[in-house]
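Keep in mind it's a predicted model, so treat the numbers as computed, not measured. In listed order, ligands and their atoms are each counted from 1.
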Amino acid sequence: MASGQLSRAEALACSGCRHRHACHVMLYSHTKSQLFGRIPIKYIILMQMRFDGLLGFPGGFVNQSQESLEAGLCRELMEEVGVALSVSEDDHVDARRAPGTSPSCPRLITHFYVKKLEEEQIREVEKASASTAKDHGQEVLGMVRVPLYTTKGGGGLPSFLSHAFIGNARSQLVHSLLRLRLVAPEDLRQALERSLKTHARSAADLQEALALTEAEQQPS
Ligand code: APR
Ligand code: MG
């Protein structure tokens with residue numbers, strides 16, 4: 001097993017005040033729609049822009065003493081996307097220990113689920129998450145779709161993967177793309193290589209932006 005990875009039974013055995021559990025889910029559907037009428041979008045995968053400016057999957061903390069992992073996840077989904085969705089034990093794909101912060105903090109165990117929906121249901125989630133969902137505009141700034149194609153200029157998946165993600169959300173995404181064969185492994189490898197280049201360019205952009213604020217602070 002990869003480092004930090006736990007079986008579901010091992011994860012569930014981590015109970016009491018020394019552990020906290022958080023559950024997140026990748027909701028996705030097949031689609032026949034095309035970008036610019038020619039680039040197949042193939043799958044709609046939902047992620048969210050979080051309050052902390054990071055990309056992540058919907059979900060959150062579960063109160064293990066009062067609810068099952070799946071009941072907690074469904075409650076979080078109701079708050080964050082505004083739709084009652086049933087996610088079951090069968091959709092559980094991964095559990096792992098998050099890297100420790102301090103010995104006095106409870107250790108976080110993250111659980112990851114993958115759930116395939118109909119395109120209609122995904123659209124319903126998108127609508128509700130921006131209107132009736134309690135957390136909209138607060139803990140959740142908006143739902144986003146993951147582009148799975150790469151444009152000629154390296155846009156799409158490579159740019160998306162170069163953003164900042166919460167915890168291990170980027171590896172959860174990449175692992176799911178591979179496991180479900182939503183993107184061919186070689187295409188994903190190339191996208192990640194391009195993503196590293198995009199990331200380096202972003203660092204240069206940030207330096208330029210920083211220089212702007214420094215120029216603003218110079219006494220005139
Ligand atoms: N991988 C690892 N850790 C993750 C992932 C992920 N993919 N996604 C989120 N986390 C971590 C977060 O850093 C957080 O510590 O799991 C924990 C709970 O996830 P959230 O979705 O942030 O929890 P939620 O219950 O929705 O939000 C409640 O928790 O993040 C804090 O103070 C913040 O108000 C927020 C509160
Ligand atoms: Mg959350």
Side-chain angles (χ1 to χ4, degrees), residues 1-8 10-12 14-28 45-85 87 91-115 125-126 128-146 157 160-180 182 188 192 195:
M1 247 180 218
S3 97
Q5 201 176 0
L6 300 166
S7 69
R8 188 186 159 88
E10 284 168 335
L12 285 171
C14 300
S15 55
C17 58
R18 284 176 44 243
H19 294 96
R20 283 193 94 179
H21 291 252
C23 296
H24 295 90
V25 63
M26 181 178 109
L27 301 172
Y28 79 105
I45 298 178
L46 294 185
M47 292 192 77
Q48 63 184 19
M49 176 55 73
R50 296 162 43 96
F51 67 97
D52 49 15
L54 301 173
L55 288 166
F57 289 100
F61 286 119
V62 168
N63 190 340
Q64 239 205 336
S65 64
Q66 290 169 13
E67 56 191 357
S68 69
L69 294 177
E70 291 75 27
L73 174 57
C74 294
R75 176 185 49 71
E76 281 289 337
L77 286 178
M78 196 62 214
E79 292 169 11
E80 294 190 354
V81 305
V83 173
L85 291 165
V87 182
D91 305 314
H92 186 273
V93 293
D94 184 69
R96 62 185 61 233
R97 270 182 238 276
T101 38
S102 87
S104 58
C105 283
R107 199 72 194 270
L108 178 66
I109 314 269
T110 57
H111 298 264
F112 191 59
Y113 296 74
V114 172
K115 172 105 183 150
V125 166
E126 289 179 318
S129 62
S131 52
T132 50
K134 175 174 106 18
D135 288 347
H136 177 63
Q138 294 170 27
E139 286 181 33
V140 182
L141 304 182
M143 300 302 291
V144 294
R145 292 183 179 195
V146 180
L157 188 57
F160 188 88
L161 289 170
S162 72
H163 290 302
F165 292 73
I166 183 77
N168 60 349
R170 182 172 13 224
S171 6
Q172 287 171 334
L173 172 63
V174 168
H175 188 248
S176 303
L177 296 181
L178 285 173
R179 203 176 58 86
L180 298 164
L182 304 184
L188 191 50
L192 281 162
S195 184

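Each of the following atoms of ligand 1 lies closer than 4.0 Å to a heavy atom of Gln172: 6 (C), 7 (N). For ligand 1 and Thr110, the ligand atoms under 4.0 Å from any heavy atom of the residue are 2 (C), 3 (N). For ligand 1, the atoms closer than 4.0 angstrom to any heavy atom of Glu80 are 26 (O).
When only interatomic distances are considered, the shortest N/O to N/O separation between Glu139 and ligand 1 falls below 3.5 Å. Checked by distance only, ligand 1 and Phe61 come closer than 3.5 Å through their nitrogen or oxygen atoms.
For atom 20 (P) of ligand 1, the choice among Arg50, Arg96, Arg97 with the nearest heavy atom turns out to be Arg50. The residue from Leu108, Ile166, Asn168 that puts a heavy atom closest to atom 16 (O) of ligand 1 is Leu108. When the heavy-atom distances from atom 9 (C) of ligand 1 to Arg170, His21, His24 are ranked, the shortest goes to His24.
With a 4.0 Å cut-off on non-hydrogen atoms, Phe112 does not touch ligand 1 at all. Looking at Ala22 against ligand 1, only its side chain comes within 4.0 Å, counting heavy atoms. Under 4.0 Å from ligand 1, not a single heavy atom of Glu79 appears.
Annotation: side chain of Val174 is in contact with side chain of Leu161 (closest heavy-atom distance under 4.5 Å).
Nearest approach of Val114 to Ser176, heavy atoms of both residues: CG2-OG, 3.9 Å.
Counting protein heavy atoms only, atom 23 (O) of ligand 1 is closest to Gly60 CA, 3.4 Å. Nearest non-hydrogen protein atom to atom 33 (C) of ligand 1 is Phe51 CZ, 3.5 Å.
Judged by distance alone, the side chain of Glu80 and the main-chain N or O of Glu76 form no donor-acceptor pair under 3.5 Å. In terms of modelled atom types and a separation under 3.5 Å, the side chain of Arg107 and the main chain of Ala98 share a donor-acceptor contact. A donor-acceptor distance shorter than 3.5 angstrom exists from the side chain of Ser195 to the backbone of Ser162, with no hydrogens or angles considered. Arg8 places no side-chain N or O within donor-acceptor distance of the main-chain N or O of His111, the cut-off being under 3.5 Å. Counting only distance, with no hydrogens or angles, the side chain of His136 and the backbone of Ala128 share no donor-acceptor pair below 3.5 Å.
Atom SG in Cys23 sits 11.5 Å away from atom CZ in Phe112 (nearest 0.5 Å).
Note on Glu70 versus Lys115: no salt bridge recorded, every NZ/NE/NH1/NH2 to OD/OE distance being 4.0 Å or above.
Between His163 and Phe160, the ring planes lie perpendicular to each other; the angle is over 60°, past the 30° to 60° tilted range.
Contact annotation: Gly59 places an N, O or S atom under 2.8 Å from the Mg ion (ligand 2).
Restricting Glu80 to its N/O/S atoms, the shortest distance to the Mg ion (ligand 2) is reached by OE2.
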